[in-house]
> 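Have a look at the structure that comes next, please.
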Amino acid sequence: TKLPPRCLPDSVCKKNVRMNEGLCIPQDHRVSFTSFTCICRDGFSGPTCEHKNGQINISFSDVSIPQALLVYFITVQSFDALSENPMPIRTTMFKEIKFDEDIVMFFMALPFHLVFGQIKSKFHLTVVQHNYTPSAMISAEIVQSQHCPHIRDLFNTSMID
């Protein structure tokens with residue numbers, strides 16, 4: 001005997017569904033016909049990939065293009081007497097750079113105010129955004145003049161200790 005189908009006609013459990021900019025897959029058709037998880041395309045986020053992420057295109061000027069780039073996104077928290085945790089939030093991303101590329105593209109779903117790029121042990125201030133703009137497309141350069149020297153390079157060691 002043939003068992004009856006376990007899915008209602010046209011429910012998401014029957015097939016994988018394309019929604020917005022992602023592929024949505026049923027979580028467990030035994031529990032819910034409408035519960036699914038979406039795998040979003042690069043640059044999109046949200047429960048059904050409905051949000052376009054911010055895009056940061058980083059190029060290199062007067063510095064050698066590295067094989068890989070570490071990027072730190074810093075979100076500054078507002079500080080007042082009621083703040084429980086006013087510490088900045090850091091999100092780190094890593095990307096390899098192909099031999100024939102001279103621009104690295106990052107997508108960020110979270111708000112951020114500062115972006116630092118790290119090449120080997122050197123940090124470069126890459127983006128300053130006083131007011132966060134969601135879905136913005138930002139072009140930035142890593143340049144030697146925006147290198148952030150280590151505190152030991154700026155001050156006498158007796159002042160630091």
Side-chain angles (χ1 to χ4, degrees), residues 12 16-27 35-161:
V12 289
N16 296 339
V17 177
R18 281 228 161 262
M19 292 190 79
N20 299 318
E21 296 295 330
L23 178 65
C24 299
I25 301 165
Q27 289 176 347
S35 182
F36 50 89
T37 299
C38 292
I39 302 167
C40 301
R41 213 179 72 178
D42 226 7
F44 292 86
S45 61
T48 59
C49 307
E50 70 276 14
H51 300 296
K52 185 169 178 12
N53 297 340
Q55 178 178 335
I56 300 92
N57 298 326
I58 300 176
S59 60
F60 304 87
S61 180
D62 74 359
V63 293
S64 300
I65 298 173
Q67 293 178 346
L69 184 65
L70 259 174
V71 174
Y72 302 93
F73 294 87
I74 310 294
T75 305
V76 179
Q77 302 285 356
S78 56
F79 181 79
D80 59 31
L82 302 175
S83 297
E84 290 181 28
N85 188 8
M87 296 298 292
I89 298 170
R90 182 187 74 196
T91 305
T92 307
M93 289 187 184
F94 173 84
K95 241 195 204 163
E96 289 185 356
I97 302 171
K98 295 179 183 167
F99 180 73
D100 59 343
E101 290 181 346
D102 57 0
I103 294 177
V104 186
M105 192 181 316
F106 290 90
F107 293 101
M108 176 50 89
L110 304 172
F112 64 90
H113 299 103
L114 301 170
V115 178
F116 290 89
Q118 181 182 353
I119 301 174
K120 296 184 181 175
S121 62
K122 291 188 174 186
F123 293 84
H124 299 268
L125 179 60
T126 308
V127 175
V128 176
Q129 186 176 218
H130 295 286
N131 297 311
Y132 169 70
T133 307
S135 304
M137 187 165 124
I138 300 169
S139 293
E141 276 187 321
I142 291 184
V143 295
Q144 191 60 38
S145 63
Q146 291 174 324
H147 168 249
C148 303
H150 194 280
I151 193 165
R152 289 188 192 106
D153 298 337
L154 297 173
F155 296 105
N156 184 327
T157 54
S158 64
M159 291 178 69
I160 299 169
D161 297 334

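Treat the numbers as computed from the prediction; the structure is a model and nothing was measured.
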> Which residue pairs satisfy the side chain to side chain donor-acceptor pair (under 3.5 Å) criterion with at least one member in residues 118-132, sequence neighbours excluded?
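Output for this query lists Tyr72-Gln118.
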> Under the side-chain hydrogen bond (donor to acceptor under 3.5 Å, both in side chains) rule, collect the residues that match up with Glu101, sequence neighbours excluded.
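Expected list: none.
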> Testing the basics here: between Val76 and His113, what is the closest heavy-atom pair and its distance to 0.1 Å?
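Heavy-atom minimum between the residues: N-ND1, 2.9 Å.
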> Identify the residue among Leu69, Asp102, Ile97 that makes a side chain to side chain contact (heavy atoms under 4.5 Å, CB included) with Ile58.
Leu69
> Check Cys40 against Cys49 for me: are their SG atoms closer than 2.5 Å?
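A disulfide, yes.
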> Hey, does Phe107 have a side-chain heavy atom less than 4.5 Å from the side chain of Ser45?
no
> Walk me through it: do Phe60 and Val104 pass the test side-chain contact (heavy atoms from CB on, under 4.5 Å)?
CA-CA 9 Å; Phe60 304 87; Val104 186; 3.9 Å; yes
> What's the verdict on side-chain contact (heavy atoms from CB on, under 4.5 Å) for Ile56 and Phe73, showing C-alpha distance, side-chain angles and the deciding distance?
CA-CA 11 Å; Ile56 300 92; Phe73 294 87; 3.7 Å; yes
> Rounded to the nearest 0.5 Å, what separates atom OG in Ser139 from atom CE in Met105?
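Here the rounded value is 9.5 Å.
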> Checking side-chain contact (heavy atoms from CB on, under 4.5 Å) for the pair Lys52/Phe44: CA distance, chi angles, key distance, verdict?
CA-CA 5 Å; Lys52 185 169 178 12; Phe44 292 86; 4.1 Å; yes
> Applying side chain to side chain contact (heavy atoms under 4.5 Å, CB included), name anything that partners Pro47, two or more places apart in sequence or on another chain.
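Side chain to side chain contact (heavy atoms under 4.5 Å, CB included) check on Pro47 returns Glu50.
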> Got a list of side-chain donor-acceptor pairs under 3.5 Å for residues 142-149, not counting sequence neighbours?
none

> Please collect all salt bridge (Lys or Arg N to Asp or Glu O under 4.0 Å) contacts where either partner lies in residues 36-47, sequence neighbours excluded, each pair once.
Glu21-Arg41
> Starting at CD1 of Ile103, measure out to CD of Glu141 and round the result to the nearest 0.5 Å.
9.5 Å
> Mind checking what makes side-chain hydrogen bond (donor to acceptor under 3.5 Å, both in side chains) contact with Thr75, not counting sequence neighbours?
none
> Can you list everything that forms a side chain to side chain contact (heavy atoms under 4.5 Å, CB included) with Thr37? Sequence neighbours excluded, please.
Gln27
> Sequence neighbours left out, what passes side chain to side chain contact (heavy atoms under 4.5 Å, CB included) with Phe94? Give chain and number order.
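Applying side chain to side chain contact (heavy atoms under 4.5 Å, CB included) to Phe94 gives Ala68, Leu70, Glu96.
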> When you look at Leu114 and Val128, which way does the side-chain contact (heavy atoms from CB on, under 4.5 Å) test go after all the steps?
CA-CA 5 Å; Leu114 301 170; Val128 176; 3.9 Å; yes
